[in-house]
Amino acid sequence: MIEISPSKVVHIIFQAREGHSSSAELSAFIDNLNVDEQDHLTAIAWVGRGSFEAEDYAEALATAQSEKTVPTADYLMGMPHLAENLEAGLDAMGIDVDGEEEDLL
């Protein structure tokens, strides 16, 4: 269902938590994701902030694909609580965030 590796999402969570949410490094990382990964990243963030339920992930993804008006990095980096939203989104999708963090480290 999710077409972005959880490790990539956790990498973004780490960068956002460490105050890099406005950094060129985080922006470049998101920009270097392919379009599908960027759309999935947005959908995960929306599930995490409660805009969509986990069971409505396909709808969140379709909305991310059809309503994109700004670059994904700009949109996500302007989102309050990006790290928390991504973490909650992964958790809602049944992905063990703690396990992914341990693997990343």
Side-chain angles (χ1 to χ4, degrees):
M1 179 187 285
I2 297 175
E3 293 186 23
I4 182 172
S5 72
S7 64
K8 288 182 182 179
V9 179
V10 168
H11 181 84
I12 293 166
I13 291 169
F14 273 157
Q15 286 185 315
R17 273 192 200 146
E18 293 183 7
H20 299 292
S21 60
S22 63
S23 77
E25 182 181 342
L26 178 54
S27 179
F29 187 85
I30 294 171
D31 286 340
N32 285 324
L33 298 173
N34 68 47
V35 173
D36 289 336
E37 290 174 321
Q38 290 179 11
D39 293 341
H40 281 272
L41 188 63
T42 300
I44 292 167
W46 287 346
V47 168
R49 76 175 183 193
S51 299
F52 292 87
E53 297 298 321
E55 55 270 7
D56 298 325
Y57 186 78
E59 181 183 350
L61 180 59
T63 302
Q65 292 167 332
S66 68
E67 295 187 8
K68 185 184 299 188
T69 58
V70 298
T72 302
D74 293 346
Y75 174 74
L76 291 176
M77 290 171 52
M79 179 183 287
H81 313 292
L82 175 60
E84 292 85 355
N85 291 338
L86 290 172
E87 187 170 352
L90 286 177
D91 187 53
M93 301 299 294
I95 297 171
D96 178 18
V97 176
D98 292 334
E100 290 295 330
E101 287 177 346
E102 288 175 15
D103 290 347
L104 187 66
L105 296 175

Worked check of side-chain contact (heavy atoms from CB on, under 4.5 Å) between Ile95 and Ile2: CA-CA 10 Å; Ile95 297 171; Ile2 297 175; 3.6 Å; yes
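- Under the 3.5 Å distance criterion, the side-chain polar atoms of Asp91 are left unmatched by any main-chain donor or acceptor of Glu87.
- Considering OG of Ser51 and CG of Asp56, their distance stands at 11.5 Å, rounded to 0.5 Å.
- Separation of atoms CD1 (Ile12) and CG (Leu86) is listed at 6.5 Å; rounding is to 0.5 Å.
- Remark: Phe29 CZ to His11 NE2 distance equals 4.0 Å, nearest 0.5 Å.
- The two residues Pro80 and Asn85 come nearest to each other via the heavy atoms O-ND2, 3.3 Å.
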Under 3.5 Å, side-chain donor or acceptor atoms of residues 69-79 against the rest of the protein: list the pairs with distances, not counting sequence neighbours.
from: Thr72; atom 1: OG1; to: Gln38; atom 2: OE1; distance (Å): 3.1
from: Tyr75; atom 1: OH; to: Trp46; atom 2: NE1; distance (Å): 2.8
from: Tyr75; atom 1: OH; to: Arg49; atom 2: NH2; distance (Å): 3.4

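- Atoms CG and CG, on Leu41 and Leu33 in that order, are 6.5 Å from each other to the nearest 0.5 Å.
- For the residue pair Ile44 and Leu90, the shortest heavy atom distance occurs at CG2-N, 3.8 Å.
- Nearest heavy atom pair, residue Ala83 against residue Ala16, reads CB-CB, 4.0 Å.
- Applying the salt bridge (charged side-chain N to carboxylate O under 4.0 Å, His left out) test to every pair with at least one member in residues 27-37, sequence neighbours left out, gives these pairs: Lys8-Glu37.
- The side-chain hydrogen bond (donor to acceptor under 3.5 Å, both in side chains) test applied to Asp39 returns Lys68, not counting sequence neighbours.
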